[in-house]
Amino acid sequence: MTLQLQIEGNAMQMAVCTLYPGQTVYCEAGKFLFKTSNVSMETRLGGPGNRQGGGAGGQQGAGGMGGLLRQAMGTAMQVGQRALAGESLAFQYFTASGGEGTVGFAGVLPGEMRALELTGSRAWFAEKDAFVAAESSVQFGIAFAGARQGMSGGEGFILEKFTGQGTVIIAGAGNFIDLNPADFGGRIEVDTGCIVAFEEGIQYGVQRIGGLNRQGIMNAVFGGEGLSLATLEGNGRVILQSMTIEGLANALKKSQGGDKQGPTGGLFSSHAG
């Protein structure tokens, strides 16, 4: 059953979802806005398909204590992964009953939202904090880009992963642009903070900007990008955002009489928070 939704607003968008009776969506804690009274709300640590305590009698009949133990271990692993990634530890689930219901969600930064339709053939990956909400048929997971990328790129190490079938809603900062690396010779190079999401089949990596020469040092110190750029290769959809979180934080700091970016704007800039 396709999720019916409307994305409203301009500078700070929100997603207003219409739920059929019995239809369930879930969101990361802190991204719920409003709901109608016939939509129930339940907070769980487990992701979709790992309902805590729900239908315990049936599960005991099917798997006994072993099934309950596996379920508890699965929940603990999910929570542990999200804690390691700095994500919210819980999800909020919304289910309509007795007729159609309405529930609204929003991201945490001024910018756009996008509804992605998963068909089951390709997963989607997103930068952490991009996830807003999804149908219960969509599985949320954490993916690690690898120690090398994490050490080099900082922002791309930990990714959100969405699999299954259904609608998932993501949000980012500023405006979105959709690109396919195949339209640009098979490879694009991106500021690490500008990636919002990309389809499975796109290879993600991090490369150093220039060599250890005069121009490489100038790029790193004065260029505003630090030492690395993200690389995206292959044939598939990529969503980028026009605003980075660090850029927004530095702009806010400037307006308050300070400048964490410093005079160089590059290697010597410090991340907010």
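Checked against the 6.0 Å centroid criterion, the rings of F94 and Y26 do not qualify as a close aromatic pair.
Applying the 6.0 Å contact sphere to CG of D178 captures more than 12 heavy atoms from other residues, nucleotides or ligands.
Counting heavy atoms from C-beta outward, L229 and V206 have side chains that stay 4.5 Å or more apart. With contacts defined as side-chain heavy-atom distances shorter than 4.5 Å, the pair L179/V190 does not qualify.
Taken from CG in L5 to OG1 in T18, the straight-line distance is 8.5 Å, to the nearest 0.5 Å.
Among F131, F198, W124, the single residue meeting the ring-ring contact (aromatic ring centres under 6.0 Å, His included) criterion with F162 is F131.
Summarising the geometry of A115 relative to I7, their closest heavy-atom pair is N-CD1, 4.2 Å, with the distance given to 0.1 Å. For the pair A171 and V132, the tightest heavy-atom approach, listed with the atom from each and the gap, is CB-CG2, 3.6 Å.
Checked by atom type and distance alone, the side chain of Q165 pairs as donor or acceptor with a backbone atom of T119 at under 3.5 Å. Q92 places no side-chain N or O within 3.5 Å of a backbone atom of C27 that could act as its donor or acceptor partner. Side chain of Q13 to backbone of A11: no donor-acceptor contact under 3.5 angstrom is found. Q241 contributes no side-chain N or O that, together with a main-chain N or O of V196, makes up a donor-acceptor pair within less than 3.5 Å. Put simply, the side chain of N38 gets close to the backbone of E100: a donor and an acceptor are under 3.5 Å apart. Remark: side-chain polar atoms of E199 are paired, donor with acceptor, to backbone N or O of R237 under 3.5 angstrom.
Residues E189 and T231 bring no donor and acceptor atom of their side chains to less than 3.5 Å of each other.
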